[in-house]
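These values consider heavy atoms only, across backbone and side chains, with no hydrogens, waters or symmetry-generated copies.
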Amino acid sequence: MFSNRMFNILVPIISVVLGLIAGAIIMLGFGYNPFQGYLALIDGAFGNAYFFGETIRQVTPYILTGLAVAFAFRAGLFNIGAEGQVIVGWLAAVWIGTTIEAPMIVHLPLALFAAALAGGMWGFVPGLLKAKLGVHEVIITIMMNYIALYLTNHLIRNVLTDTKDTTDRVVESAALSSEWLMTLTSYSRLHWGILVALVAAVFMWFLLEKTTAGYELRSVGYNRHASEYAGMKVGKNIILAMVISGGFAGLAGAMEGLGTFGYMPTHSAFTNIGFDGIAVALLGGNAALGTVIAAFLFGTLKIGALNMPTGAGVPAELVEIVIALIIFFVASSYIIRWALLRLKKEGK
Amino acid sequence: MLDVLQSIIPIALFYSAPLIFTALGGVFSERSGVVNIGLEGLMVMGAFVGIVFNLAFVDVLGAATPWVSVLVAMVVSAVFSSIHAVASVSFRADQVVSGVAINFLALGLGVFLTKQWYGKGQTDMVSRPFYSTDIPFLADIPIIGPLLFQKIYLTSYIAIIAAIVAWYVLYKTPFGLRLRSVGEHPMAADTNGINVYTMRYIAVIISGALGGLGGSVFALTIALNFSQSTIVGQGFMSLAAVIFGKWHPLGAMGAALFFGFAQSLSVIGAGVPFLADVPKIYLTIAPYLLTILALAGFIGRAEAPKANGQPYIKGSR
Amino acid sequence: MLDIRKEFPGIVANDNINLQVKKGEIHALLGENGAGKSTLMNVLFGLYQPEKGEIRVKGKKVKITDPNVANELGIGMVHQHFMLVDTFTVTQNIILGSEPRRYGTIDIKKAEKDVSELSDRYGLRVDPKAKIRDISVGMQQRVEILKTLYRGADVLILDEPTAVLTPQEIKELIGIMKSLVKQGISIILITHKLKEIMEVCDRCTVIRKGEGIDTVNVSETNVDDLASLMVGREISFTTEKTPAEPKQSVLNIHELKVLDARGVEMVKGLNLEVKAGEIVGIAGVDGNGQSELIEAITGLRKTESGKVLLNDKEITNLTPRKVTEAGVSHIPQDRHKFGLVLDFPIGENMVLQTYYQKPYAKNGILSFNKIYDHAKNLIKEYDVRTPNVFTKARALSGGNQQKAIIAREVDRSPDLIIAAQPTRGLDVGAIEFIHKKLIEERDKGRAVLLISFELDEIMNVSDRIAVMFDGNIVANVKPEETNEQELGLLMAGSRKEKVGGE
Amino acid sequence: ACGTDEEDTTEGTEDTTDTTDTEEGTDTETEAADFKAGMVTDIGGVDDKSFNQSAWEGLVAFGEDNGLSKGSGIDYVQSANDADYLPNLNRLVQQDYNLVFGIGYLLAEAVSEVAGQNPDTNFAIVDSVVEGDNVASITFQEHQGSFLVGVAAALKTESNKVGFVGGVEGDLIKKFEAGFEAGVKSVDPSIEVVSQYADSFGAPDKGKAIAASMYNSGVDVIYHASGGTGNGVFAQAKDIKNADPDAYVWVIGVDRDQHEEGVIGDTNVTLTSMVKRVDIAVQSVSQQALDGEFPGGEVLAFGIAEDGVGVAQTNEEAYTAEINDAVEEWKQKILGGEVEVPATDDELAAYLESL
Ligand SMILES: Nc1ncnc2c1ncn2[C@@H]1O[C@H](COP(=O)(O)OP(=O)(O)OP(=O)(O)O)[C@@H](O)[C@H]1O
Ligand SMILES: Nc1ncnc2c1ncn2[C@@H]1O[C@H](COP(=O)(O)OP(=O)(O)OP(=O)(O)O)[C@@H](O)[C@H]1O
Ligand SMILES: [Mg+2]
Ligand SMILES: [Mg+2]
């Protein structure tokens, strides 16, 4: 009855339901009406074309940072640095988008490539240090986040502009935004980036599951010694994994730079897109499809939450709590499985 | 030169203290085999509780307020961290996932409750934070006195003492030996009659208490209020200190002090003659760059506790 | 132990087993891989709870709920896989869990004194201050024994203690066991080596597929009877083989020098030749440079100087991939660490070195149909017992994991097969199978380099024996012309005149 | 909501938790029933003790004048991050608000976009300039206010060394810095002004470190324009004051009167604050809109003349009459056009040249 596959589908669903129930209980506890609260949330995420567009728009970078973290995880690496890779990717995309003139067919791909490259470079450093010197990638990526933040601010102010707080807008030929998509969704900022993100997800799935390169990466992720024994270049794979991971995160930055915003402001704090990517990846079981689904859930909750204060008077932070609980339940899938097995036994 | 040191050291010390406490928490947890990405969340919880308690009880407790506040913050964060313990020890959760959940949960709860209780996104400023003092006697020693013992936060010294105590506990007592054995080879510990689960629960809860201490000390010496941007990244820096310090209490303390010094140098750099001409951006990123260089250059490979991150399942091989 | 039954999900590991151990005897527990020996002992030691049956200690019925209870009852266990924290010292490992204290601190002075006293009393000679990771496997085992003695054990369970030891160490261990028994301690010994049972045990209980078969007095039985009792059929021991017909030289090593991870020279100007159609066995005590030698040949470790030639082409310092492609197969010593990606399905493990080649991949894209077809064939041919090819390698028993590795390595039709301890920890059935395979390959004209710490294996399988000591081959002998005594001495470094006579 | 009203501190602040009854209360019976004005904050929120709060106070004051209250006629939406500005603005537009404020320069791009798409709604952006017939740009002449606190700092300093702590470097904060330095030097060109940026508006640890280093090097008055980073500046000043009640250290607050932040025991380290009357601006623009005189397309520059910027006088002990007089004097010079306060580095250089 409960096959393994069933479990794999059931457990996340149950986690989400449990998280929502827990959120409802908290709302009740503080005197809010949970139905109103969740209605406002759903309304705020899907209530009309505009909100729907905004939700998809928010999902886009989450897919990419989720993929970034998941990809590294599959190769046995923990990339806390997606945040910094997003920031440098954003800058690179905007840089190309503002300083070059070219037809769209060249310009847009070039800007996207630049973002992926910048993110990839940001992943390369911790990858290299890990591969060659065995330095723990977690510390290096944390440090690289700060460097990215301060360095991009510096570049925006001193190189891309003349002491301004934001860059110029990227020119039309490098923009992901589309008048058509925007009018379709009553002027949400929905842009073509969602296609980029979905393509990236397919790319990751294909690369990891279907290619020899993916076989190597997974093998290195599980057992470095055996991989070396089998003739794989462990160091190369570690670096490659970090570079590709960083590339995904860099693309997430391009989504912001070429799509959502169309420019890059100086940041006085982290964007959190990269940090949220950790949760997205883990929620999605570090698999491509799972990450896409988790990103949808995440984006829905985040955008929907914005409507909760005006829609139902519930502080938006409640959603953070709900998200945390969902992650917690996903983490504790063992106990859910166990409970399901008990149910199954009793049912018989 | 002495001048420069005199400006660097106090800054480094107050900057480092919260990181030291929190990193020590990380050392306990990870030495027992439970990865703790949730340090950031534990600090958030500590900062929240420390501030709220301080604001609520300052009229009753008077001068003792900050001290009682950090104690309460420790207790609440310890209880809070038991969520991580339940998930990663009993429910065999992926410890990284559970730690990430802790981070989200702490910030969500902290800001949510702040809004509930204060009707706004940030609390008022506390009127009784920690203040620096001169350490009696020691402050009068020539040269070292002014450098190390004048206008210093007691919490900074408590942090350093805590690191020494943590070292003593982990390396000299039966409890420490057992705790480390559980993180290296839980099954060996189990066959020696040590309850792996209990040890890990205790270790995670200690990390909660220390993370709460770190967060509340940060809030009560530096930020003086609580909002969603009070703790932004200090927990991750502490995590970095744990690894930088090779999972050793004194190493973690050293790493945290290193961060403090680097940060302090970057701040005062503009005023120091030999650094005055360095473009500002280099000073700003110096602490992070220096850390990377230090790791790449001479610290190198660090060995994590062997069973770190692996749930222990009795009877499996 | 009476009528013990223990189930795991989907499997009955123990059923209807009775085991009675008398004071001061050495009692053997015999059975194939997966017969349920370790499980039974884990029940006795309190790690598992049995579904049925009861345990009596000195006539009293007891419930052993965890290892602490076992310790209190005087039951100590040395596990098949050592339970030692390798960053701790010997003393720390021994006292862990029952530390002597002074003012809340570990009284490490007293502990070290206790340990060295205890070790002297039983003639174990361990250094209380040494770190586990720095001492030999044999030493580690003594530490395990000391651990139980420190807790006052009078029943000692040894789970396959000799599988990882060199002949010298085995001899010493047997001495230790005998002295323990003299002091009134009872020992339960699990081993696959029937000779050892004959040598030291008083009685022997046989388990087959989880069921207790019989308990026999060792003095009233012989090796062949025991073996057939265990497997349920007749079994031959001396491996059938025709004399070798060595042909052209395949592996040639000249003046090879290799450093280990710490930078110490472990292989010191070694020369070795292996010809097509012969099996060369390297005899030697662990730690004399065997691992470094293999790693240098297979490209896992850079050489310091010297040359390695395969079919007259130099392969010195090539990458592992290039060495593999040149025609070298390697059955690694540590199958979990090197041999398999335990979290991959067993099917994908079958192409660990060849996944990128046709027909398993084309233009960088894997062809899973081909991979799994191939795996199915191998699994059938080599009798690897697994539910299916999609089962994770982790879930297979050690013997079957090893068979899978051998299938993979042999199937590549290499010119040279390096087999490092290919039968470690396996039961006689599996050992027989593997030895047969190696000889078959030899007969097909392959060169085989066999590294083993088991003299039996070396003597039975090799056509030529090279004795390795201190980073060098100190003697080349023919198995027909030597005996274990002589080999043992050579391995211990006594250069006999024979060397010169060769 | 559950009674948390006791925390209701400042005069104009609404009880923001009073929410459950807002849902039903949409059918209000006020004269301006069909006029709705809303605002979108940046990540600060309406309780940031800074200009978000001030803006909300202005909107509330406007509401009180016209019988509107939160949820019925006036409302705000807080943004959780940069990407929320646009959806939040749109949310208000879709709920048929007549006038929507974007509070903070960070919202400029978003306001520009939404305004273009919704020509029938009026918008106002605070602290930035957005073009469009339906957008009023509310800016402040922070350099004028900063000039005046610079004068106060110059008169207060004994060490002849004052400091400026900025958040993130940029055009806006530069106005504060330039104005401040001009004010200081106008009083006494020999006074040294050191300035340092924290690269963040939310890093109290860096704020404290910078303040420690400044006070340590002899600075005795620090003007901060750094949001939450300034918490650290206050923390450091109070710490010095605690160790030595006679210590001569001062902080000048920003945006609103930060007197409260400076309290330590019976004294206060807040010398004064450069107050930006966002409330006055918001209130006045709202009123204009209600009256049908919405200044669409205009750039409103609230300066000293409009009472848009000013100097807090709460700390009567420290902010002496003498200082006040001098500040007043310079204020008149600015009003009279005698002094043109610089707002950029270049203007500052020219101004100093002219001294
Ligand atoms: N933790 C476990 N979970 C599931 N099944 C197990 C577990 N441990 C043992 N088994 C099963 O019980 C059987 C007996 O295993 P056991 O380890 O006792 O064999 P053994 O006789 O010690 O073999 P070996 O000679 O290889 O050491 C095995 O076939 C295995 O399938
Ligand atoms: N996690 C697990 N899940 C299912 N079965 C398991 C698990 N762990 C071990 N087993 C079973 O336990 C049995 C014995 O495993 P083990 O690795 O001890 O084999 P072994 O023959 O003793 O190996 P070795 O010779 O390497 O010690 C195997 O048959 C395996 O199926
Ligand atoms: Mg066994
Ligand atoms: Mg075995």
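Both the backbone and the side chain of C/E348 have a heavy atom closer than 4.5 Å to some heavy atom of chain A. In this structure, chain A has no heavy atom under 4.5 Å from any part of C/Q357. Neither the backbone nor the side chain of C/V323 comes within less than 4.5 Å of any heavy atom in chain A. With a 4.5 Å cut-off on non-hydrogen atoms, A/R224 does not touch chain C at all. Heavy atoms closer than 4.5 Å to chain A are found in the side chain of C/F368, but not in its backbone.
Contact check for C/L366 versus A/T212: side-chain heavy atoms found under the 4.5 Å cut-off.
The main-chain N or O of C/P320 is never found under 3.5 Å from a side-chain atom of A/Y229 such that the two would form a donor-acceptor pair. Of the possible donor and acceptor atoms, none in the side chain of A/N223 sits under 3.5 Å from a partner among the backbone N and O of C/L342.
With 3.5 Å as the limit, one finds no donor-acceptor pair spanning the side chains of C/Y356 and A/E216.
A/Y222 OH to C/L340 CG: the interatomic distance, rounded to the nearest 0.5 Å, is 14.5 Å. Rounded to the nearest 0.5 Å, atoms OG1 (C/T319) and CE (A/M232) are 13.0 Å apart.
Across C/V341 and A/A226, no two heavy atoms sit closer than the pair CG2-CB, 4.1 Å.
Checked against the 6.0 Å centroid threshold, C/F344 and A/Y215 count as a close aromatic pair.
Classification of the A/H225-C/F338 ring pair by plane angle, with boundaries at 30° and 60°, yields perpendicular.
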